[in-house]
Q: 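Provided herewith is a single structure, encoded as structure tokens, for subsequent inquiry.
As a basis for the values below, the full set of heavy atoms in this structure was taken, side chains included, without hydrogen atoms, waters or symmetry mates.
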Amino acid sequence: MFFKKYGDIVVGVFFMILSVVLIAMAKMLPKSKVMEIGPDFMPMVIGVITLILAAILTFLSVKNFKMKAASIDPDSLPDCDYKRVLSSVILVLVYVFAMQPVGFILSTLVFLLLQMLVLSPDDARGKKDIIKLAIIDVIFTLVVFFLFRYGFKIVLPAGIFTITL
């Protein structure tokens, strides 16, 4: 009941706290002696973007809540899909622990496809939809891999395959 009514506010505040912790921890990383962009760059970017988005979510949720406080009926709100939430959390945990031994490309290909399937609507899981998701998965994974490898000059975990692209 509480989460149905205040869910976006709670999530926004949680992610604001999480991003402040991420930014603080990123500042503790050592600076690179080789290049200007060090290991703290991406965590800082992700932390700042997450903080901004979480602040916007919290602000808009509070604003909408104040405007519609009297007309919100908690029973009319849809229930949380705990099965998808739990599946997503499990997939993220498996992905994080599998990336180093398996490698970035293979673990990301599997993770993204499964995550997109978990989050896609039930009626959008036909053969054509899965093929579209697989194409998006492959393109996104390769773009991120090449961006990090050649754009940022950061080598991602190779895992069981040694990739010399």
Q: Grouping I, L, V, M, F, W and Y whenever their side-chain heavy atoms are under 4.5 Å apart, do Phe140 and Leu109 come out in a common cluster?
A: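 They do share one cluster, since a chain of ILVMFWY contacts under 4.5 Å joins Phe140 to Leu109.
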Q: Heavy atoms only: give me the nearest Pro43-Ala26 pair and the separation to one decimal.
A: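 Result for this residue pair: CB-CB, 3.7 Å.
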Q: Report yes if some heavy atom in the side chain of Gln115 is under 4.5 Å from a heavy atom in the side chain of Tyr95; otherwise report no.
A: no
Q: Is there a side-chain contact between Thr50 and Leu22 (heavy atoms, below 4.5 Å)?
A: no
Q: Between Thr108 and Ile105, is there a donor-acceptor pair closer than 3.5 Å when you use the side chain of the first and the backbone of the second?
A: no
Q: Find the distance between CG (Leu114) and CG (Leu119) and round it off to the nearest 0.5 Å.
A: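 The CG atom of Leu114 sits 11.0 Å away from the CG atom of Leu119.
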Q: Do Phe146 and Phe41 belong together in a cluster built from hydrophobic side chains that touch within less than 4.5 Å?
A: yes
Q: Is the backbone of Leu117 close enough, under 3.5 Å, to the side chain of Ser120 for a donor and an acceptor to pair up by distance?
A: yes
Q: What is the distance from atom CG of Leu57 to atom CD1 of Ile52, rounded to the nearest 0.5 Å?
A: 14.0 Å
Q: Same hydrophobic cluster for Ile90 and Val85, using side-chain heavy-atom links shorter than 4.5 Å among ILVMFWY?
A: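 Different clusters: Ile90 never reaches Val85 through Ile, Leu, Val, Met, Phe, Trp or Tyr contacts under 4.5 Å.
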Q: List the atom of Ile130, the atom of Leu113, and the distance in Å for their closest heavy-atom pair.
A: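 Scanning both residues completely, I find the closest heavy atoms to be O-CD1, 4.4 Å.
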Q: If you measure from CG on Leu147 to CG on Leu142, what distance do you get to the nearest 0.5 Å?
A: 12.0 Å
Q: Counting C-beta onward and ignoring hydrogens, is there a side-chain heavy-atom pair between Ile23 and Lys27 closer than 4.5 Å?
A: yes
Q: Using a 4.5 Å cut-off on heavy atoms from C-beta on, say whether the side chain of Phe104 contacts that of Val144.
A: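 Counting from C-beta outward, Val144 and Phe104 do come under 4.5 Å.
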Q: Evaluate the side-chain proximity of Phe111 to Val92: yes if any heavy-atom separation is below 4.5 Å, no if none is.
A: yes
Q: As an exercise, state the distance from CE of Met116 to CD1 of Ile136, rounded to the nearest 0.5 Å.
A: 6.0 Å
Q: To the nearest 0.5 Å, what is the distance between CG on Leu133 and CG on Asp129?
A: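 Leu133 atom CG to Asp129 atom CG measures 6.5 Å (nearest 0.5 Å).
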Q: Return the OG1 to CG distance between Thr141 and Asp137, rounded to the nearest 0.5 Å.
A: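 Here the rounded value is 4.5 Å.
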Q: Taking the hydrophobic residues Ile, Leu, Val, Met, Phe, Trp and Tyr, and joining any pair whose side-chain heavy atoms are under 4.5 Å apart, which ones share a cluster with Ile131?
A: Ile135, Ile139, Val143
Q: For atom CE of Met42, decide whether the heavy atoms of other residues, nucleotides or ligands shown that lie under 6.0 angstrom number more than 12.
A: yes
